[in-house]
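Let me begin by presenting the structure, written as structure tokens, before commenting on it.
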Amino acid sequence: MLNHARKIIFVWVLLATFFTAIPAQTDTQVYFNVSNGKVHKLSCHWGQKCTRNCIVISRSEAYRRGGVACKVCGG
């Protein structure tokens with residue numbers, strides 16, 4: 001009986017751990033300079049100054065395209 005109770009508690013703890021460990025699937029938008037491949041946060045001064053070659057895309061897409069983090073904001 002005690003062994004069965006331990007198994008039930010183990011399963012509940014395992015399920016609770018699994019469901020609390022799943023992060024929210026949000027992908028931040030960034031400026032991506034298509035000319036030099038720099039990735040800037042939307043709050044970055046250099047990203048805001050970029051008007052000719054920058055597009056706003058998701059961070060994961062920018063790095064998938066070979067983007068490199070800005071040295072000032074970290075992309």
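Keep in mind the model is a prediction, meaning the values are calculated, not measured.
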- Note on the structure: Sorted by chain and number, sequence neighbours left out, side-chain contact (heavy atoms from CB on, under 4.5 Å) with Ser43 holds for Lys41
- Residues clustered with Ile57, ILVMFWY side-chain links under 4.5 angstrom: Val30, Phe32, Val34, Val39, Ile55, Tyr63
- Given a cutoff of under 4.5 Å between side-chain heavy atoms of I, L, V, M, F, W and Y, with clusters grown through shared members, what are the other residues clustered with Leu42? Tyr31, Val56
- Quick one: list whatever passes disulfide (SG to SG under 2.5 Å) with Cys54, sequence neighbours left out. Cys50
Would you mind writing out the side-chain donor-acceptor pairs for residues 64-75 within the sub-3.5 Å range, not counting sequence neighbours?
from  : atom 1 : to    : atom 2 : distance (Å)
Arg64 : NE     : Glu61 : OE1    : 2.9
Arg64 : NH2    : Glu61 : OE1    : 3.4
Arg64 : NH2    : Glu61 : OE2    : 2.7
Arg65 : NE     : Glu61 : OE2    : 3.0

